Amino acid sequence: WNCATLFGAAPRTHEQRRRHAAKVDRVVALAGRHDVVVLQEVHGNREDIGELSSRITRHSVFGSFCRDSGSGGVLIIISEELRGRFTSCRSEEVEKGRALLVTLEGGGLHPLAICCLHVVPEWGINYKRNFLDRVSGRSPKVGDACLVLGGDLNFPAVGEGRLNVFAGRASLSD
């Protein structure tokens, strides 16, 4: 299973620039069709948010990147139409490059929290549980608040299949 990253290292060759442009075009197209897009394994840094924001002008782009741009990174993209229904919007890193929470509140609506996370497969089960507890602890607790959780949980059970969304095939290998 080969995972493609969104940003990663700065493209140097023509082929790398072409692939980078195609990935950004794909994200722009997704944002154009949806109110919320969550992405994991984006790699990169804060400057990449500026690139996306300049291409997706009717959306807000929030990101959290690992210290090393070669690993992790999560993004949440929210349409201005959805964001405009609420009077406040705040984002916070639950864990740098691994969990980002954006909360929309006010406007007479129930709070809406969107969390993008990427659990590291090598983390121990106790750390994974603690990580999810921290996400839960930072989400809104008021009445009928809604938490939308998107990401890569990496809690596979032995023999559990995995879906390669590009190829459209399931694999039972670990």
Side-chain angles (χ1 to χ4, degrees), residues 1-85 89-104 112-123 131 135 147-156 160-174:
W1 164 255
N2 185 7
C3 180
T5 62
L6 179 57
F7 298 117
R12 293 191 174 110
T13 68
H14 174 73
E15 178 60 22
Q16 289 171 337
R17 286 189 294 276
R18 187 191 66 72
R19 288 188 68 218
H20 174 82
K23 289 184 224 177
V24 171
D25 287 346
R26 177 177 277 174
V27 172
V28 169
L30 280 170
R33 292 190 309 268
H34 303 285
D35 285 319
V36 176
V37 177
V38 295
L39 301 167
Q40 307 81 43
E41 289 289 356
V42 293
H43 298 217
N45 55 46
R46 290 244 171 253
E47 288 76 26
D48 295 314
I49 292 175
E51 177 184 2
L52 275 180
S53 295
S54 71
R55 297 275 316 272
I56 313 171
T57 57
R58 302 204 55 175
H59 291 72
S60 297
V61 181
F62 305 91
S64 173
F65 299 96
C66 292
R67 285 173 185 79
D68 170 18
S69 65
S71 63
V74 291
L75 283 180
I76 299 174
I77 302 169
I78 301 175
S79 73
E80 287 301 322
E81 182 180 337
L82 175 61
R83 186 175 173 180
R85 294 178 187 170
C89 175
R90 64 181 157 71
S91 69
E92 68 176 300
E93 291 179 319
V94 177
E95 181 149 333
K96 192 168 190 60
R98 297 296 175 182
L100 178 66
L101 181 68
V102 175
T103 304
L104 304 168
L112 171 62
I114 301 158
C115 184
C116 181
L117 57 84
H118 181 208
V119 174
V120 177
E122 292 77 23
W123 288 347
F131 175 74
V135 168
L147 172 63
V148 177
L149 185 64
D152 188 351
L153 295 175
N154 280 317
F155 274 79
E160 180 179 59
R162 296 188 176 149
L163 177 65
N164 179 328
V165 294
F166 290 110
R169 288 188 306 253
S171 166
L172 296 178
S173 68
D174 290 337

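Bear in mind the structure is a predicted one, so any value in this text is a computation, not a measurement. Throughout, numbering of the chain's residues begins at 1 and tracks the sequence.
- The salt bridge (Lys or Arg N to Asp or Glu O under 4.0 Å) search around Glu93 returns Lys96, not counting sequence neighbours.
- The minimum heavy-atom distance between His118 and Trp123, with the atom names listed, is O-CH2, 4.3 Å.
- Residues passing the side-chain hydrogen bond (donor to acceptor under 3.5 Å, both in side chains) test with Arg17: none are found, sequence neighbours excluded.
- Legend: residues meeting side-chain hydrogen bond (donor to acceptor under 3.5 Å, both in side chains) with Glu81, ordered by chain and number and at least two apart, are Arg85.
- Remark: Asp25 engages Arg55 in a salt bridge (Lys or Arg N to Asp or Glu O under 4.0 Å) (not counting sequence neighbours).
- Shown here are the ring-ring contact (aromatic ring centres under 6.0 Å, His included) partners of Phe62, two or more places apart in sequence or in another chain: there are none.
- Val119 has its side chain out of reach of Asp152: every pair of non-hydrogen atoms, C-beta onward, lies at least 4.5 Å apart.
- In this structure, the side chain of His59 engages the main chain of Ala31 through a donor-acceptor pair within 3.5 Å.
- Side-chain contact check for His43 versus Phe65: every heavy-atom pair is 4.5 Å or farther apart.
- Within the 4.5 Å cutoff, the side chain of Cys89 has heavy atoms near those of the Val102 side chain.
- Between Glu51 and His20, the side chains place a donor N or O and an acceptor N or O closer than 3.5 Å (distance only, hydrogens not considered).
- Atom CG of Leu149 sits about 6.0 Å away from atom CG of Leu153, to the nearest 0.5 Å.
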Checklist line | side chain to side chain contact (heavy atoms under 4.5 Å, CB included) between Ser60 and Glu80, intermediate numbers included | finding: CA-CA 7 Å; Ser60 297; Glu80 287 301 322; 2.5 Å; yes
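- Remark: Glu47 pairs with no residue by the salt bridge (Lys or Arg N to Asp or Glu O under 4.0 Å) rule, at least two apart or across chains.
- Applying the side-chain hydrogen bond (donor to acceptor under 3.5 Å, both in side chains) rule to Thr103 yields no partners; only residues at least two apart in sequence or on another chain are considered.
- By the side chain to side chain contact (heavy atoms under 4.5 Å, CB included) test, Val36 pairs with Val38, Leu82, Ile114, sequence neighbours left out.
- Of all heavy-atom pairs between Cys115 and Val135, the closest is SG-CG1, 3.7 Å.
- For the residue pair Gln16/His14, the side-chain donor-acceptor check at 3.5 Å is not satisfied.
- The two residues Gly72 and Cys66 come nearest to each other via the heavy atoms CA-SG, 3.8 Å.
- Put simply, the side chain of Ile77 reaches to within 4.5 Å of the side chain of Ile56, judged on heavy atoms.
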Checklist line | Candidate pair Val74 and Leu117, rule side chain to side chain contact (heavy atoms under 4.5 Å, CB included), full reasoning | finding: CA-CA 7 Å; Val74 291; Leu117 57 84; 5.8 Å; no
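- Considering only residues two or more places apart in sequence or on other chains, Glu15 meets the salt bridge (Lys or Arg N to Asp or Glu O under 4.0 Å) condition with Arg18.
- Looking at every heavy atom in both residues, Leu100 comes nearest to Ser91 through CD1-CB, 4.5 Å.
- Cys116 approaches Leu39 most closely through the heavy-atom pair SG-O, 3.3 Å.
- Shortest non-hydrogen contact noted between Gly97 and Ser64 is N-OG, 2.7 Å.
- At least one side-chain heavy atom of Arg98 sits under 4.5 Å from a side-chain heavy atom of Val120.
- The shortest side-chain heavy-atom distance between Val37 and Leu75 does not fall under the 4.5 Å cut-off.
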Margin query: Apply side chain to side chain contact (heavy atoms under 4.5 Å, CB included) to residues Ile78 and Asp35 and explain how you reach the verdict.
Written below: CA-CA 6 Å; Ile78 301 175; Asp35 285 319; over 6 Å; no
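- Scanning for side chain to side chain contact (heavy atoms under 4.5 Å, CB included) contacts around Glu92 gives Arg90, Leu101, Arg138, with sequence neighbours left out.
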